[in-house]
Amino acid sequence: MKVLLNKLHFPVTTLGFGRRVGIWFQGCSIRCPGCISHDTWEAGAEHEIPLEDVMAALAPWLAHADGVTISGGEPFDQPEALFELVGAIRRGFAGDVLAYSGHSFDRLEEEHSGILGRLDVLISEPYRLREAQTRWLRGSDNQRLHLLSALGRERYGDRADAQAWPRQRRLDLMEQNGELWLAGIPAPGMLGQLEGALAARGHRVAQTSQQAVLPVRA
């Protein structure tokens, strides 16, 4: 079994409860207008990674992680790989697994109930550029948060949501191979402001990517 991936990272603190492993799938058939994750859209053999290699990379992180967030790209465009990946993560892991999808919940429930049964939390529905962006963990307010397990309800229910999430949006800053990456869901205008501030200091922004990634080269 192989999976098309854009990147893996730990820790991520802006896409769910606690310190998390972030998994970004490669390839997206939805391609919402206004999405800036273009680097995750195109599927290609150069992104193929054997599932056993993915799990070997994740193993030392999972030992210290509170949860796993799976985004993309569109994870449900690779349902067999997603099913097997979540199943492999579940073996011996006590944290929550949260996944993003641009598909409707009705479609996912009808076509991929087996995957949903392995998740704690799902955020569904397509990103809408002109929709308000005020709800935590969602790129636009039409997106729906589904609590699929007792752990999901404990960590992401109304009470936890009110107490645990910061009042202002944050982004994680990461370094990889000489590049800086920002992970999280930016507030409207945040990436543009950051790009301008970096340009004013002589840095070049190579590309922006929603849900978040902003590669910056000095």
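- Closest non-hydrogen pair, G95 versus D120, comes out as O-OD2, 4.0 Å.
- Atoms CZ and NE2, from F76 and H103 in turn, are 8.5 Å apart once rounded to the nearest 0.5 Å.
- One N or O on the side chain of R20 and one on the backbone of V68 form a donor-acceptor pair closer than 3.5 Å.
- Of all heavy-atom pairs between P60 and A57, the closest is CD-O, 3.5 Å.
- Side-chain atoms of I70 and V86, non-hydrogen and from C-beta on, do get closer than 4.5 Å to each other.
- Annotation for Y156 and F17: closest pair OH-N, 2.9 Å, computed over non-hydrogen atoms.
- Within the model, atoms CD1 of I115 and CD of E84 stand 9.5 Å from one another, a figure rounded to the nearest 0.5 Å.
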Tell me, with the steps shown, if R138 and I123 meet side-chain contact (heavy atoms from CB on, under 4.5 Å).
CA-CA 7 Å; R138 280 150 278 194; I123 297 175; 3.8 Å; yes
Before you tell me yes or no, could you show the steps for D39 and W24 under side-chain contact (heavy atoms from CB on, under 4.5 Å), namely the whole-Å CA-CA distance, both residues' side-chain angles and the distance that decides it to 0.1 Å?
CA-CA 11 Å; D39 66 309; W24 284 266; over 6 Å; no
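- The OH atom of Y127 sits 15.5 Å away from the CD atom of E125 when rounded to the nearest 0.5 Å.
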R128 vs D141, salt bridge (charged side-chain N to carboxylate O under 4.0 Å, His left out): CA-CA, chis, key distance, verdict
CA-CA 8 Å; R128 292 180 181 168; D141 282 359; over 6 Å; no
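- In this structure, E74 contributes its side chain and G102 its backbone to a donor-acceptor pair below 3.5 Å.
- Side chain of R90 to main chain of A88: no donor-acceptor pair is present (N/O by atom type, distance under 3.5 Å, no hydrogens or angles).
- When each of T69, L98, L151 is paired with V121, the side chain to side chain contact (heavy atoms under 4.5 Å, CB included) condition holds for L98 and for no other.
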Could you walk me through whether L15 and S71 satisfy the side-chain contact (heavy atoms from CB on, under 4.5 Å) test, starting with their C-alpha distance in whole Å, then the side-chain angles of each, then the deciding distance to 0.1 Å, before giving a yes or no?
CA-CA 9 Å; L15 293 173; S71 186; 5.6 Å; no
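- For the pair P33 and L129, the minimum side-chain heavy-atom distance is 4.5 Å or more.
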If you look only at distance, which donor and acceptor atoms sit under 3.5 Å apart when one is on a side chain in residues 42-54 and the other is two or more places apart or in another chain?
unit_1: E42; atom_1: OE2; unit_2: R31; atom_2: NH1; d: 3.2
unit_1: E42; atom_1: OE2; unit_2: R31; atom_2: NH2; d: 3.2
unit_1: H47; atom_1: ND1; unit_2: L5; atom_2: O; d: 3.3

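- In this structure, P126 and C32 approach most closely via the heavy-atom pair CB-SG, 3.8 Å.
- Side chains of I89 and V21 form no contact here, defined as non-hydrogen atoms less than 4.5 Å apart.
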Could you go through I23 and V3, starting from their C-alpha distance and side-chain angles, then the distance that decides it, and tell me whether this counts as side-chain contact (heavy atoms from CB on, under 4.5 Å)?
CA-CA 11 Å; I23 302 173; V3 56; over 6 Å; no
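- In terms of modelled atom types and a separation under 3.5 Å, the side chain of D66 and the main chain of R19 share a donor-acceptor contact.
- Follow the hydrophobic side-chain contacts under 4.5 Å out from L4 and you never reach L8; the two are in separate clusters.
- Relative ring orientation between H146 and F105 is described as parallel, the plane-to-plane angle staying below 30° on a 0-90° scale split at 30° and 60°.
- In this structure, the side chain of Q78 does not engage the main chain of F25 through any donor-acceptor pair within 3.5 Å.
- Expressed to the nearest 0.5 Å, how far CG of L62 lies from CE of M55 amounts to 5.5 Å.
- Looking at heavy atoms from C-beta onward, R135 lies out of side-chain contact with Q143 at the 4.5 angstrom threshold.
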Give the C-alpha distance, both sets of side-chain angles, the deciding distance and a yes or no for side-chain hydrogen bond (donor to acceptor under 3.5 Å, both in side chains) between S104 and D106.
CA-CA 5 Å; S104 71; D106 290 344; 5.5 Å; no
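- The OG atom of S101 sits 8.0 Å away from the CG atom of D77 when rounded to the nearest 0.5 Å.
- N6 places no side-chain N or O within donor-acceptor distance of the main-chain N or O of G72, the cut-off being under 3.5 Å.
- In this structure, CZ in R107 is found 12.5 Å from OG in S124, a value given to the nearest 0.5 Å.
- In this structure, the side chain of Y100 engages the main chain of L137 through a donor-acceptor pair within 3.5 Å.
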